[in-house]
Enquirer: 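Below is the structure I would like to discuss, written out as structure tokens.
Numbered from 1 within each chain, the chains take letters A, B, ... in sequence-line order. In what follows, every heavy atom counts, from backbone to side chain, and hydrogens, waters and symmetry copies are set aside.
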Amino acid sequence: MKKFINDPRDVVTDYLTGLEAAHPGVVRFDRDSRILLRAQPARGKVALVAGGGSGCEPLHTGFVGRGMLDAVCPGAIFTSPVPRQIIAATRAADAGAGVVHIVKNFTGEVMNFGIAQEIMAFDGIRAETVLVNDDVTVPDDDDSAGRRGLGATVLVEKIAGAAAERGDDLARVVAIARQVVARARTFSVGLTSCTTPERGRPTYVMAADEMDLGIGISGSPGRDRVPLAPARDVARMLADPVLDDLRPAPGAQLLVMLSGLGGTPESELYLLYGDVASHLRDRGFDPVRALVGNLVTSLDQQGAALTILALDDELTALWDAPVHTQALRWGM
Amino acid sequence: MKKFINDPRDVVTDYLTGLEAAHPGVVRFDRDSRILLRAQPARGKVALVAGGGSGCEPLHTGFVGRGMLDAVCPGAIFTSPVPRQIIAATRAADAGAGVVHIVKNFTGEVMNFGIAQEIMAFDGIRAETVLVNDDVTVPDDDDSAGRRGLGATVLVEKIAGAAAERGDDLARVVAIARQVVARARTFSVGLTSCTTPERGRPTYVMAADEMDLGIGISGSPGRDRVPLAPARDVARMLADPVLDDLRPAPGAQLLVMLSGLGGTPESELYLLYGDVASHLRDRGFDPVRALVGNLVTSLDQQGAALTILALDDELTALWDAPVHTQALRWGM
Amino acid sequence: METISTADLIRCLAGFAQRVADARDELSALDAATGDADHGANLARGTIALAAMLADAGGQRPGEVLRQAGLVMVDTIGGSSGALYGTVFLRMAAAVGPQARAIAPEMLAQALQAAAQGITDRGRARPGDKTMLDAMQPAATAYAGALSQGDSLPAALRAAADAAAQGAAATAAMRARRGKSSYVGDRSIGTVDPGAASVALLFAAMAQIGAPAP
Amino acid sequence: METISTADLIRCLAGFAQRVADARDELSALDAATGDADHGANLARGTIALAAMLADAGGQRPGEVLRQAGLVMVDTIGGSSGALYGTVFLRMAAAVGPQARAIAPEMLAQALQAAAQGITDRGRARPGDKTMLDAMQPAATAYAGALSQGDSLPAALRAAADAAAQGAAATAAMRARRGKSSYVGDRSIGTVDPGAASVALLFAAMAQIGAPAP
Ligand SMILES: Nc1ncnc2c1ncn2[C@@H]1O[C@H](COP(=O)(O)OP(=O)(O)O)[C@@H](O)[C@H]1O
Ligand SMILES: Nc1ncnc2c1ncn2[C@@H]1O[C@H](COP(=O)(O)OP(=O)(O)O)[C@@H](O)[C@H]1O
Ligand SMILES: [Mg+2]
Ligand SMILES: [Mg+2]
Ligand SMILES: [Mg+2]
Ligand SMILES: [Mg+2]
């Protein structure tokens, strides 16, 4: 295993220490509670809290700051946080105007946020849950744990974050967040397995001429193993399931996020984005906003995830609103 | 080889096509000349032109835009551009206030920029050359091609770019750029070899418990192959040669750039940054600005490069000045 | 042995912790086949904390030990198994109650059934979904069945352990419908569910408390 | 054969292009040992363009063919070798001049020496620095020496080719002091310099034009 780490048990804490050291004006790391907060807590606005297994950085820790999240509770690698962290993050973020929990639809994350909310209910603290489930890999029936929350999480955090920042009330922030969920879908392809610090070797083995369709985060294998294909074909394999499920109106304006999984260089992502954008245009859509980079990752896995959001004017304006976090920054 | 590409011969063009598609408001790709320009050409300011082998993205293509570069001429993978491209980029960038060529001290880059300048001299076009040579791997004597231009290139492009943007004249922009070169040093460590699209397999083989000290860009092997070490030790191995060569004043304010080589996830870079920052503090320096991410890369290579710039007030102000490129953006 | 004392319970939980430590890599390897390769590490994080907690638990009643075990699991594991193992122990604690000085055999039958129900409540798992439940439910049922046949407590615990082991083994043939394995569809068929495997370790540790000391 | 005609030159350059195409992976593999693994790809980009250019070159004088060859190399290769091979051909073109209808043996001696000098001028390489020069200079010297001994043009070209091949082979023992290989210090010792190897191919192709057609 070739990683810049010290003790595998300390990777999350060591990462957060470095993040705070690099961006002291943006984030503060509360080591005792293992939560990450804005360096300057916001006042009087709806608070946004998220958290999930670590190893998916910059999700969520890279999105703490003005215009996005207020607090994040990162779990162990690929393991959702424990209720104690969720409670600490919620308490720290609460600025008196209500708290939104942005929860990715993974069994562990849903259950731990659920337990935390049950515990907090004793103290009269309430948080609204926005469940993100944008992965089109899984049919939306009861034969699985349900659609995973993937790339749409970033869009929810950014757009709901902008709504909260401009002063929208709790109900409105929640409604906007749910609208993003309703209008966004994701599909992913993996080229390699990731290597967790704990195990020190790839989680699974894949031949040199194979790729996995329908992976998620946390380095689980995908639903279908298929032959490796040129970028042009991968672009179609990613875009078609998303479009066919989302069914945007003809000519719809789209926000297109193409995220690497951590080990794919940005230059390859941009190359792939070019093929995605041209395929979207061929299918009659208008990709008016693009976000390309390693945004929702699985450690060092190679691969890419395509998330598409059908925009409207309000969502576009909230997307364009200023943001200042480690991983997303514009307008300030 | 697992990459998002189509034909290996088209990777550079396909990447630039995608970059333009994702950021039409920032860059324009002139396909015929294979140069990348600002979407809105600047007027009446000193123009900054750079170019080198491709495969090091976001260097330089990700740094085209307001506050940084005006034009970039990207060569084939790891191959400096040809004079024809350099000339096209120079002509396109020239806004009447003079042109600066930012040249990394690689034999090919120096020679091709040199030939381009000889040719342009016939037409009365002159460009000032700023040679970047920050790599402390190589002794600064005549027994090698001289110190390579590495991470300091980003700092030169940002800081000289800000000087040009605020209206400094050619001599002043060049002087500031040279000051950055004089005050910056880089040292790098590689964990793996990269794989070029052309060859389709790793350039060299390295054991699982080895790392390479003193690598550059373009995937050449390093100067010393040593045992893999924990991040804490790697931080020292990177920082000490840089500090010992740069010799900043005690207590000096430093800009610290920790760049991944393309295949290293950002979370590992932040972890390593934490150890670098604490070592710098232990040695009595003050890391007041940090830039962490994959900035000067070698395709999918895993590893990191540490660049340190000894700041002064003017350099800090120019660093903080607004910038809007694909890869660096703040203040706008 | 006719009831389970605090000392028995502590020995049982310590034995579970030991078994998890030994099987850690194996459990993660099972998880690697269809999930995210962390079940061993997750559970070990919990059982290491559990073992530390047990050091001070000697003076408490069994229900309190179970409650604290549940809280430790919830507080240290995270992921699905943190919530689910936490629920298992908290539900058992509730069934045993704070007052009991020892766990009677019938009380344990109720506690095990409550634990299985807890998994269903929390995770909406049904039998056959390839989860912890597929070891837990057969174990609870076998235990209750053995008791009603007049078996001794140690014999009933052995029956439970056997049923848990068989239940875990049977998950290999199942297609996952809950948890991370459910995302890979038919590719989930062929390996044992890691959570079911770890539940089998829990029942093996319980059976050990009824066995003569080695 | 007493001089080199345009047709001879075209055959020579086409032969060089063919040899580069054949050795492409080998040249890149040499570069992989100490450099960036692209010398074969770089040079092939140039010689493919060169071959295309030669198709229309039949009506030109040798100096012009060499000049165009240099421009094609400069325009298509990039990297160190683009500038250096470009310089090699442009300097030879200058030595031959635009007027000559054929290249006389002594003229070629001057052209080869000018080419070697061009490498030194552009790249500040000295003999023994493990570069193209370590094949080019021995070849130029051997060629001139053979002529002054009274050897025929074909014999002198063979001598040059042998010297280039030996010069290239000798670079294996050298420590690089120019180009990318120079960064790896002592680790550059042990493999042949890719640029020197490709120069040996150029001289092999030149020797071929003096040989009887196969
Ligand atoms: N909804 C559920 N109901 C019951 N058991 C579940 C459910 N989801 C997951 N599990 C159990 O949890 C185990 C995985 O635990 P673990 O790997 O520690 O957590 P995670 O899945 O969050 O990585 C599975 O093998 C399965 O037995
Ligand atoms: N300064 C120099 N002088 C002479 N030859 C050089 C010099 N630098 C590089 N070379 C030659 O160029 C060859 C490398 O060419 P190539 O790999 O195509 O370019 P690059 O080094 O830019 O990747 C080396 O093997 C060496 O022979
Ligand atoms: Mg997990
Ligand atoms: Mg090169
Ligand atoms: Mg798991
Ligand atoms: Mg090379």
Enquirer: Is there a donor-acceptor contact under 3.5 Å from the side chain of B/Asn112 to the main chain of D/Ser80?
Expert: no
Enquirer: Does anything in residues 39-66 of chain D reach chain B? List residues with heavy atoms under 4.5 Å apart, or say none.
Expert: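 Against chain B, the residues of residues 39-66 of chain D that fall inside the cut-off (heavy atoms, under 4.5 Å) are D/Ala41, D/Asn42, D/Arg45.
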Enquirer: Return the CD1 to CG distance between B/Ile119 and D/Leu71, rounded to the nearest 0.5 Å.
Expert: 7.5 Å
Enquirer: Under a 4.5 Å heavy-atom cut-off, does chain D meet the side chain of B/Asp224, its backbone, both or neither?
Expert: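 It is the backbone, since no side chain atom gets that close.
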Enquirer: Between D/Thr34 and chain B, which part of the residue has a heavy atom less than 4.5 Å away: side chain, backbone, both or neither?
Expert: backbone
Enquirer: Under a 4.5 Å heavy-atom cutoff, which of B/Ser298, B/Ser220, B/Gly216 has the most pairs with chain D?
Expert: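 Looking at each of B/Ser298, B/Ser220, B/Gly216 in turn, B/Ser220 comes out on top.
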Enquirer: Measure distances from B/Arg9 to the heavy atoms of chain D and classify the residue's part below 4.5 Å as side chain, backbone, both or neither.
Expert: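 Looking at B/Arg9, nothing touches chain D.
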Enquirer: Top residue by heavy-atom pair count (under 4.5 Å) with chain D, among B/Pro83, B/Gly114, B/Pro202?
Expert: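 Of B/Pro83, B/Gly114, B/Pro202, B/Pro83 has the most heavy-atom pairs under 4.5 Å with chain D.
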Enquirer: Give, as side chain, backbone, both or neither, the part of D/Ala33 having an atom under 4.5 angstrom from any heavy atom of chain B.
Expert: backbone
Enquirer: Grab the two heavy atoms, one from D/Asp38 and one from B/Thr79, that are nearest each other, plus how far apart they are.
Expert: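 Of all heavy-atom pairs spanning D/Asp38 and B/Thr79, the closest is OD2-OG1, 3.0 Å.
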Enquirer: Who among B/Thr203, B/Thr137, B/Thr196, B/Asp142 has the most heavy-atom pairs with chain D under 4.5 Å?
Expert: B/Asp142
Enquirer: Given a strict heavy-atom distance threshold of 4.5 Å, which part of B/Ile77 is in contact with chain D: side chain, backbone, both, or neither?
Expert: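 Contact with chain D is through the backbone of B/Ile77 alone.
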Enquirer: Under a 4.5 Å cutoff for heavy-atom pairs, which residue among B/Arg225, B/Arg148, B/Arg84 has the most contacts with chain D?
Expert: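 Heavy-atom pair counts peak at B/Arg148.
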Enquirer: Quick one: which of D/Gly179, D/Gly82, D/Ser181 has the most heavy-atom pairs under 4.5 Å with chain B, could you say?
Expert: D/Gly179
Enquirer: Output side-chain donor-acceptor pairs under 3.5 Å for residues 104-112 of chain D, partner residues at least two apart or in another chain, one line each.
Expert:
none

Enquirer: Spell out, as yes or no, whether a donor-acceptor pair under 3.5 Å connects the side chain of D/Ser182 to the backbone of B/Ala145.
Expert: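 The answer is yes, because a donor-acceptor pair under 3.5 Å joins these two groups.
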Enquirer: Please determine whether a side-chain nitrogen of the Lys or Arg among B/Arg199 and D/Asp36 lies less than 4.0 Å from a carboxylate oxygen of the Asp or Glu.
Expert: no
Enquirer: Set out, in order, the CA-CA distance, both residues' side-chain angles and the distance that settles side-chain contact (heavy atoms from CB on, under 4.5 Å) for B/Asp212 and D/Arg187, then state yes or no.
Expert: CA-CA 12 Å; B/Asp212 254 1; D/Arg187 292 180 69 194; 3.3 Å; yes
Enquirer: Could you tell me the separation between the NZ atom of D/Lys180 and the OG1 atom of B/Thr107, rounded to the nearest 0.5 Å?
Expert: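 Result: 8.5 Å between the selected atoms.
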Enquirer: Can you say whether B/Pro221 sits under 4.5 Å from chain D via the side chain, the backbone, both, or neither, judging by heavy atoms?
Expert: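 Backbone plus side chain of B/Pro221, per the 4.5 Å heavy-atom cut-off to chain D.
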Enquirer: Do the non-hydrogen side-chain atoms of B/Met111 and D/Val74 ever get within less than 4.5 Å of each other?
Expert: no
Enquirer: Please confirm whether B/Arg223 makes a cation-pi placement over D/Tyr183, using NZ or CZ under 6.0 Å from the six-membered ring centre and within 45° of the ring normal.
Expert: no
Enquirer: Top residue by heavy-atom pair count (under 4.5 Å) with chain B, among D/Gly35, D/Gly86, D/Gly185?
Expert: D/Gly35
Enquirer: Does B/Glu128 have more than 12 heavy atoms from other residues, nucleotides or ligands lying within 6.0 Å of its CD?
Expert: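 Yes, because the 6.0 Å sphere around CD of B/Glu128 holds more than 12 heavy atoms from other groups.
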Enquirer: Can you tell which part of D/Ala176 gets under 4.5 Å to a heavy atom of chain B, answering side chain, backbone, both or neither?
Expert: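 D/Ala176 touches chain B through backbone heavy atoms alone.
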Enquirer: I need the contact set between residues 132-142 of chain D and chain B: heavy-atom distance under 4.5 Å, sorted by residue number.
Expert: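 Contacts with chain B: none.
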Enquirer: Counting only heavy atoms closer than 4.5 Å, note whether B/Asp141 contacts chain D via side chain, backbone, both or neither.
Expert: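 Answer is neither: B/Asp141 stays 4.5 Å or more from chain D.
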Enquirer: Does CZ belonging to D/Arg126 count more than 12 external heavy atoms closer than 6.0 Å?
Expert: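 For D/Arg126, atom CZ is crowded (more than 12 foreign heavy atoms under 6.0 Å).
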Enquirer: Does D/Arg178 form a salt bridge (charged side-chain N to carboxylate O under 4.0 Å, His left out) with B/Asp143? I'd like the steps, not just the answer.
Expert: CA-CA 8 Å; D/Arg178 287 290 177 266; B/Asp143 264 4; over 6 Å; no
Enquirer: Checking B/Glu109 against chain D: side chain, backbone, both or neither under 4.5 Å from a heavy atom?
Expert: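 The answer is neither part of B/Glu109.
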Enquirer: At under 4.5 Å between heavy atoms, what parts of residues 194-204 of chain D are in contact with chain B? List them by residue number.
Expert: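 The list, in residue order, is empty: none.
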Enquirer: With side chains defined as the heavy atoms from C-beta onward, is the minimum distance between B/Ser144 and D/Arg177 less than 4.5 Å?
Expert: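 SC-SC contact between B/Ser144 and D/Arg177 ruled out.
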